[in-house]
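When a residue number appears, it is its place in the shown sequence, counting from 1.
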Amino acid sequence: MADLNPRDVEKAEFAFSIYDADGSNVIDAVDLGNVLRALSLNPTNATIEKMGGTKKRGEKTMTLEEFLPIFSQVKKDKEQGCYEDFIECLKLYDKQENGTMLGAELSHILLSLGERLEDHEVEIVLKECMDPEDEDGFIPYAPFVKKLMS
């Protein structure tokens with residue numbers, strides 16, 4: 001890949017190898033999004049599907065040679081959200097302009113906007129990434145975004 005430097009290729013090979021369960025130099029296409037996210041990218045589910053990712057295990061496999069051009073293309077994609085983008089969006093819900101928002105609003109956002117999550121997925125995300133609500137139900141959203149993206 002002419003547009004991937006040797007360090008990018010090395011990182012891609014390492015991330016790919018983590019999901020290469022049996023050492024056969026292929027991954028299941030259902031893991032495409034996981035490998036890309038392990039490389040600090042934030043592709044949407046639609047992007048993953050467009051690039052050849054599948055929703056069910058066992059439908060398709062992918063070699064490293066097939067993965068590298070996908071990595072390169074997603075890396076160049078400007079539609080991915082970054083930390084600053086997510087913070088700017090959540091500021092819309094920061095009525096007091098103090099870096100907090102209602103935990104219930106965050107849950108509602110995850111359930112109803114963009115690429116919606118299922119109830120059980122929201123429970124997991126909130127449990128693992130959200131700080132405890134204060135007595136009025138507010139949470140600081142910056143630490144939430146940092147934990148979610150890490």
(message) So, using salt bridge (charged side-chain N to carboxylate O under 4.0 Å, His left out) as the criterion, who are the partners of Asp8 when residues are at least two apart?
(response) Lys75

Could you list all the salt bridge (charged side-chain N to carboxylate O under 4.0 Å, His left out) pairs where at least one residue sits in [range], not counting sequence neighbours?
range	answer
residues 116-127	none
residues 89-109	Glu88-Lys91, Lys95-Glu105
residues 41-55	Glu49-Lys55

(request) Could you check if a side-chain atom of Tyr93 sits within less than 4.5 angstrom of a side-chain atom of Leu106, using non-hydrogen atoms only? (result) no

(request) Report yes if the side chains of Ile139 and Thr100 come closer than 4.5 Å at any heavy-atom pair, otherwise no. (result) no

(request) Please list all pairs passing the ring-ring contact (aromatic ring centres under 6.0 Å, His included) test where one or both residues lie in residues 3-59, with sequence neighbours left out. (result) Phe16-Phe67

(request) Would you give the length of the straight line joining atom CG of Asn42 to atom CG of Asp85, rounded to the nearest 0.5 angstrom? (result) 9.5 Å

(request) Calculate, to the nearest 0.5 Å, the distance between atoms OG and CE belonging to Ser40 and Met149 respectively. (result) 8.5 Å

(request) Supply the members, apart from Phe138, of the Ile/Leu/Val/Met/Phe/Trp/Tyr cluster built from side-chain contacts under 4.5 Å; use none for a lone residue. (result) Leu102

(request) Apply the test side chain to side chain contact (heavy atoms under 4.5 Å, CB included) to residues Val9 and Phe71: give CA-CA distance (whole Å), side-chain angles for both, the deciding distance (0.1 Å), then the verdict. (result) CA-CA 9 Å; Val9 173; Phe71 172 49; over 6 Å; no

(request) Kindly write out the residues that satisfy side chain to side chain donor-acceptor pair (under 3.5 Å) with Thr63, not counting sequence neighbours, or none if the list is empty. (result) Glu66

(message) So, using side chain to side chain donor-acceptor pair (under 3.5 Å) as the criterion, who are the partners of Asp131 when residues are at least two apart?
(response) Lys147

(request) Spell out, yes or no, whether Ile124 and Ile109 are grouped together once hydrophobic residues are joined by side-chain heavy atoms under 4.5 Å, including indirect joins. (result) no

(message) On a heavy-atom basis, which atom in Asn45 and which in Arg37 lie closest, and how many Å separate them?
(response) OD1-NH2, 3.5 Å

What residues, two or more places apart in sequence or in another chain, satisfy side chain to side chain contact (heavy atoms under 4.5 Å, CB included) together with [X]?
X	result
Leu92	none
Lys11	Arg7, Leu39
Ala104	none

(message) Tell me if a side-chain donor or acceptor on Ser72 pairs with a main-chain N or O of Leu68 at a distance below 3.5 Å.
(response) no

Name the atoms and distances for all side-chain donor-acceptor pairs under 3.5 Å in residues 21-36, with sequence neighbours left out.
unit_1 : atom_1 : unit_2 : atom_2 : d
Asp22  : OD1    : Ser24  : N      : 3.2
Asp22  : OD1    : Ser24  : OG     : 2.6
Asp28  : OD1    : Val30  : N      : 3.0
Asp28  : OD2    : Gly58  : N      : 2.6
Asp31  : OD1    : Asn34  : ND2    : 3.3
Asp31  : OD1    : Arg57  : NH2    : 3.2
Asp31  : OD2    : Arg57  : NH1    : 3.2

